[in-house]
There are 2 protein chains.
Amino acid sequence: MVPVKKFRELDENLVRQKEAAFADFIQRKGLKTTRQRNTIIATFFRLRGHISVEELLNQVKQVNPRIGYATVYRTLHLLVESALVEERRFGDGLARYEGHSDVEHHDHMICLECGEIFEFFNPRLEALQESLAEENNFQIFRHRLELYGACKDKDACQKRKARGNTAAGAE
Amino acid sequence: MVPVKKFRELDENLVRQKEAAFADFIQRKGLKTTRQRNTIIATFFRLRGHISVEELLNQVKQVNPRIGYATVYRTLHLLVESALVEERRFGDGLARYEGHSDVEHHDHMICLECGEIFEFFNPRLEALQESLAEENNFQIFRHRLELYGACKDKDACQKRKARGNTAAGAE
DNA sequence: CCGAAAATGAAAACAGTTTTCGTAATCCAG
DNA sequence: CTGGATTACGAAAACTGTTTTCATTTTCGG
């Protein structure tokens, strides 16, 4: 088990590296560099977790209130296309975007009480999936595993639970 | 590995059993039996696989063309509430409904070439998930595992592949 | 049968996302 | 540097799948 550290420090160098990689991507595609896109990606890469479009737009608006949904959506699509960001859907109807992770691939545990999303990775799990696919003559391109439930001992979670205040969100 | 037989015969008795179970549910909830609902559930339970609302409505309209989306949606919600049917989302934006399966719980392999959806169940996989959750003090209520890829030897799939005709659908 | 309760169907509302369209910014060629 | 084709922008409209509304019809226990 390799649980992903939740409160890893934000590495400013890593952020700059990603900004540069995106600039590269933009140039390779013959697109233009714009103030708005820069604002959006700079904001996005300095957030952590699984960001919804609305969350991102709110942050972005604090820098430049004139930026609207359309540009945020368009920029996120570019980020996904550039492979710097992954789109995820946990079943509550909103797309979420994930730009940082300590491991290349990981799965998710979603607490239905507090809404927290944990990332994890386990090689045995991956291997087992591969062997099941093999048995069925199936070739896996990618997969998605989500465990929905409750974290048993997280403070935040227990607090909300006590208030009967469950996180609607996920599915 | 317990692969779910794909072309199991449709057991008319099983269908009647489910219709009866739904009738029970309706009565227990103090709701009313209607011609439209009967048409919808009879049609649904005689289809197999992962049915979208549109697919179901198309079938239903062949019996009674006056039935519209609203009633189909409402009936599907009741079916889900009655636990006779499960709602699934594979990331293409449409809900799909599943009314039959040989095993209680199962996971899915989705072929991105031909769009086919296979069901499978593996106890080791389930156990491994449980132990990973345990390690992280997480209690699983339910989970979802989807393997996206290609079936290597299905005729239908290979045929479409040859035509470069991939199934848009899933994610 | 009566009548309260629930269900229906058409259409409007809704949420999240995408597209359109007129204007503005970018940036390469000259 | 600029001119001008190209790309991006922002506001608003359009779109998609789903839910709700509302006037009307149907169900079913008394």
Side-chain angles (χ1 to χ4, degrees), chain A residues 22-44 50-58 60-61 63-82 85 87-97 168-171, chain B residues 22-44 50-58 60-61 63-82 85 87-97 168-171:
Chain A
F22 185 68
D24 256 37
F25 170 80
I26 288 296
Q27 196 148 21
R28 258 183 289 119
K29 293 219 35 162
L31 303 179
K32 291 172 182 174
T33 305
T34 70
R35 176 179 299 282
Q36 292 92 327
R37 283 216 274 247
N38 288 340
T39 301
I40 292 166
I41 68 154
T43 304
F44 179 80
H50 303 76
I51 312 297
S52 71
V53 175
E54 199 184 357
E55 284 164 358
L56 178 55
L57 181 62
N58 286 342
V60 163
K61 273 191 183 296
V63 180
N64 178 352
R66 307 207 42 208
I67 295 178
Y69 272 103
T71 305
V72 170
Y73 274 109
R74 286 189 278 232
T75 304
L76 282 169
H77 291 329
L78 289 172
L79 282 166
V80 170
E81 201 188 331
S82 76
V85 166
E87 181 180 306
R88 307 211 177 260
R89 290 173 181 275
F90 295 114
D92 60 354
L94 343 167
R96 286 169 193 282
Y97 296 86
E171 225 176 24
Chain B
F22 186 68
D24 257 36
F25 170 80
I26 288 296
Q27 198 148 19
R28 258 183 288 120
K29 292 221 30 160
L31 304 179
K32 292 171 179 173
T33 305
T34 71
R35 176 179 299 282
Q36 292 91 330
R37 282 216 275 248
N38 287 341
T39 301
I40 293 167
I41 70 156
T43 304
F44 179 79
H50 303 77
I51 313 297
S52 70
V53 175
E54 198 183 357
E55 284 163 0
L56 179 55
L57 181 62
N58 286 342
V60 164
K61 273 191 183 295
V63 181
N64 179 351
R66 307 207 42 210
I67 294 178
Y69 273 104
T71 304
V72 170
Y73 273 108
R74 286 189 277 232
T75 304
L76 282 169
H77 291 330
L78 287 172
L79 282 167
V80 169
E81 201 188 330
S82 77
V85 166
E87 180 181 310
R88 307 213 176 259
R89 290 172 180 275
F90 295 115
D92 60 354
L94 344 167
R96 287 168 192 284
Y97 295 87
E171 226 179 26

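All values reported here derive from a predicted model rather than from experimental measurement. We use all heavy atoms of the structure for the numbers below, so side chains are in, but hydrogens, waters and symmetry mates are not. In the text below, chain A, chain B and the rest are named by the order of the sequence lines, each starting its count at 1.
- The interatomic distance linking B:Arg37 (CZ) with C:dA7 (P) rounds to 4 Å, in whole Å.
- Side-chain proximity of A:Thr34 to the nucleotides C:dC27, D:dG17, D:dC9 is greatest for D:dC9.
- One atom, NZ of B:Lys32, and another, P of D:dT25, lie 16 Å apart when rounded to the nearest Å.
- The nearest whole Å value for the distance from the CG atom in A:Leu56 to the C1' atom in C:dT17 is 15 Å.
- The backbone N or O of B:Ile67 lies less than 3.5 Å from no partner atom in the side chain of B:Thr71, so there is not a single donor-acceptor pair.
- Taking 4.0 angstrom as the limit, B:Thr33 places a side-chain polar atom (N or O) nearer than this to OP1 or OP2 of D:dC28.
- In this structure, NZ of A:Lys61 is placed 14 Å from P of D:dC9, rounded to the nearest angstrom.
- Between A:Tyr69 and B:Lys29, the residue whose closest nucleotide on DNA chain C is further toward the 5' end is B:Lys29.
- Distance alone, capped at 3.5 Å, places no donor-acceptor pair between the A:Arg96 side chain and the A:Val53 backbone.
- Of the candidate nucleotides D:dT19, D:dG10, C:dA5, D:dG10 has the atom nearest to the side chain of A:Gln36.
- Separating the CD1 atom of B:Ile51 from the C1' atom of D:dG17 is a distance of 17 Å, rounded to the nearest angstrom.
- Atom CG of B:Leu78 and atom P of D:dT19 are 12 Å apart (whole Å).
- Along DNA chain D, the nucleotide closest to B:His77 and the one closest to B:Arg35 are compared, and the more 5′ of them pairs with B:His77.
- B:Glu55 places a side-chain N or O within donor-acceptor distance of the main-chain N or O of B:Ser52, the cut-off being under 3.5 Å.
- Between B:Gly30 and B:Ile67, it is B:Gly30 whose nearest contact on DNA chain C lies nearer the 5' terminus.
- The side chain of B:Ala70 sits closest to C:dG9 out of C:dT18, C:dG9, D:dA8.
- For A:Leu31, whose side chain is taken as the heavy atoms from C-beta onward, the closest listed nucleotide among D:dC9, C:dA7, D:dT7 is D:dT7.
- The interatomic distance linking B:Glu55 (CD) with D:dG17 (P) rounds to 12 Å, in whole Å.
- Backbone-only contact: A:Arg66 has heavy atoms under 4.0 Å from sugar-phosphate atoms and none from a base.
- Closest to the side chain of A:Leu94, from the set C:dG16, D:dG10, C:dA7, is C:dG16.
- Put simply, CG on A:Leu57 is 10 Å from P on D:dG10, counting in whole angstrom units.
- For B:Arg74 and C:dG9, a side-chain-to-base donor-acceptor distance below 3.5 Å is present, hydrogens and geometry of angles not being considered.
- In the set D:dG10, D:dT18, C:dT17, C:dT17 carries the atom at the smallest distance from any side-chain atom of A:Ala95.
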